[in-house]
Amino acid sequence: MIDAGFGANIKAMSLAEQAFLKDQAQQRLARAEAAGKRPLVPGDLVFYWRRQVAGREKERGFTIGSFVGPARVLAVETRVDDEGRLRPGSCVWLHRAGRLIKAAPEQLRAATDRERAIEELKGPVEIPWTITSLASHPHKKTYDDITSEIPDDMQWDEAAQQPVLSHRIRGKKSCICAHVDDFLFGGAPGDKVHDHLMEQIKQHFSWGSWESSSFTQCGVTVTQHSDFSITLDQQEFVSDLQEIKLSRDRSRQVTAETSDYEKHQLRAVLGALSWFTGQTGFQFSSDVGILLSSVSTSQVETILRTNKLIRDVKDNPGELRIHAFPDAKRLELVCWADAAWANRPDGKSSTEGIVIGFSSPALLEGKIAPVSLMYWRSGKIDRTCRSPACAETKGVVNGEDDLYHLRYLWSEMLLPKERLVGCHPDTVVVNASGTLVTDSKNLWDKLSKEIFVIKGAEKRSDLEALSLKESQDNSQLQLRWVHSDAMLANSLTKPSEKWQILLFQKMKYHWRIVHDSNMVSARKRKAEGIDPMHSEVKG
DNA sequence: AAATTGCGCAGTGATGTGGT
DNA sequence: ACCACATCACTGCGCAATTT
């Protein structure tokens, strides 16, 4: 047997992996048990549950809650039973960000190791007053009493699944973006800090010209609207594109091979198009990628297809919309990743499609929400994939990579310097919550299992998928499954399947993560006449 | 004033190398 | 024979410096 060594290796790795995961799961259980039994003591780091009634949820008539924190236990007014457990009716005094909170033990959960580690990075927190002086003040209400808000089991579970942001976003007031010698300034109108900074900047430097509302930067027209949203377009650029000229004779020779000069023309015009698809024309990404791949083996028919694409682009150049999100307390980064297996001109290469956007937390609750596209990509997967599952895994893993990068960038913008310099990337990234959406059942099932087994025909894909599992733990990555008609990235893998992205544009750049506990396929949904965007109510 | 050149960025395919 | 990987050549863009 030639590959005996390799096979034995995989077996050993698989065994080790299983043992490791089993052990990890056991430790977690043990910790949870210990945390449940151990009474709270002053100094413990905890999170407390609060009922949250955001504007929109109120209308639909249900409330959601979440854990907030972390808070430090200051004192416990004990009513302890024989085994040392807190009995209902006890109260726990918490300290968080200079506030004193009176809470019930039923609404507390211990902080995880990770949360503790992050809190420690912030350094010691001074507690300025003694608890007695605060709590015993005769008239003033010096603390928040939240003991009336006690979650039931369902609410507790729901909240436990939500990631907790362990810091408050301290609003940054002003921002500058620079490209070589062009600068973009942003800030809330009337904001004192921002206005003052702008005043100083204008005093200290002499500038060529100032533009606002609508201008061109790096060949892209940027327009800000009255609701503060921004659109980017390349109207002018697109209208300058020229079709490749073909004589009537030549255009009839569809199957004829292209000449060197024609290949040159193809590369030239596709190069221009790829600039467009990279800046604003995301809906044409897959067309350009596939055509660029077929230049070397192109026929006259390829030129005709390219010319058709140019006409399509001119007919509907589209725009890139950046929403304003005036009400969102935080933004979610969501990545849709998909792949098409062996669909490239060479007959064996696969295509990945990745779309990452900002949205409001409402999107994760299954609602239709605005999505601002931040990053997208349609391209050849570097390795040859032997099965659709392999391609799918590759695409999703690459998508997670890009998502991680964007989460880091976003965290950099939000966090103060002390929380960035010298910190492990994971502890930085957890401040920007990230969600990865896939339409692969294969991958979803694999990752849903507590024990991850590496076996069968796709050992290598399994190993790569493992990195996603790791990211779920290390960077609090959330995973979702949707049927393929609700998969935004599908349109970036095949030129012929544009309906998702067209629907997205028709919905004015809004989307939904369709929730379906039965995981019904898109084909079956269609047969049963279910709208692609129809979603179960979560929970 | 207009044209050319160089830079860094993106994507693709072709090519060679090393491995099983 | 096939694959992964690195490197190269080719295309585009915007921008600035230089040449014409």
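Proteins get letters first, then strands, A, B, ... in listed order; numbering begins at 1 in each. Quick caveat, the model's predicted, so the values are computed rather than measured.
- Contact check, A:Arg383 against C:dC5: a side-chain N or O comes under 4.0 Å of OP1 or OP2.
- If you measure from atom CD1 of A:Ile354 to atom C1' of B:dA10, you get 15 Å, rounded to the nearest angstrom.
- As a whole-Å value, the separation of A:Leu291 CG from C:dT11 P is 18 Å.
- Between A:Ser293 and B:dG11 there is no side-chain N or O to OP1 or OP2 distance below 4.0 Å.
- Regarding A:Glu352, its CD atom lies at a distance of 13 Å from the C1' atom of B:dG11, rounded to whole Å.
- A:Lys308 and A:Asp312 are joined by a salt bridge, as a carboxylate oxygen and a charged side-chain nitrogen come within less than 4.0 angstrom of each other.
- At a threshold of 4.5 Å between non-hydrogen side-chain atoms, the residues A:Ile303 and A:Gln265 do not count as touching.
- Atom P of nucleotide B:dA14 and atom CG of A:Leu292 are separated by 12 Å, given to the nearest angstrom.
- Remark: A:Ser296 is in phosphate contact with B:dA14, judged by side-chain N or O atoms under 4.0 Å from OP1 or OP2.
- Screening residues 378-410 of chain A for ring pair (Phe, Tyr, Trp, His ring centres under 6.0 Å), with sequence neighbours left out, gives A:Phe358-A:Trp410.
- Spacing between atom CD of A:Gln265 and atom P of C:dG12 amounts to 11 Å, rounded to whole angstrom units.
- The side chain of A:Arg377 lies closest to B:dG11 when the candidates are C:dG14, C:dC3, B:dG11.
- Whole-Å rounding puts the A:Arg344 CZ to B:dG13 P distance at 6 Å.
- The list of ring pair (Phe, Tyr, Trp, His ring centres under 6.0 Å) pairs with a residue in residues 416-443 of chain A, not counting sequence neighbours, is empty.
- Here A:Phe276 lies out of heavy-atom contact (under 4.0 Å) with every strand.
- Residue contacts shown for A:Thr384 are limited to sugar-phosphate atoms, with no base heavy atom under 4.0 Å away.
- A close approach under 4.0 Å does occur between a side-chain nitrogen or oxygen of A:Lys380 and OP1 or OP2 of B:dG13.
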### Task
Would you sort out whether A:Val520 and A:His483 count as a side chain to side chain contact (heavy atoms under 4.5 Å, CB included), showing the intermediate values?
CA-CA 7 Å; A:Val520 178; A:His483 66 88; over 6 Å; no
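- Between the CZ atom of A:Arg267 and the C1' atom of C:dC13 there is a distance of 18 Å, rounded to whole Å.
- Rounded to an integer number of Å, the gap from A:Ile244 CD1 to C:dT11 P is 13 Å.
- Of the candidates B:dG13, C:dC13, C:dT11, C:dC13 carries the atom nearest the A:Ala272 side chain, counting heavy atoms from C-beta on.
- The side chain of A:His264 places an N or O atom within less than 4.0 Å of a non-bridging phosphate oxygen (OP1 or OP2) of C:dT11.
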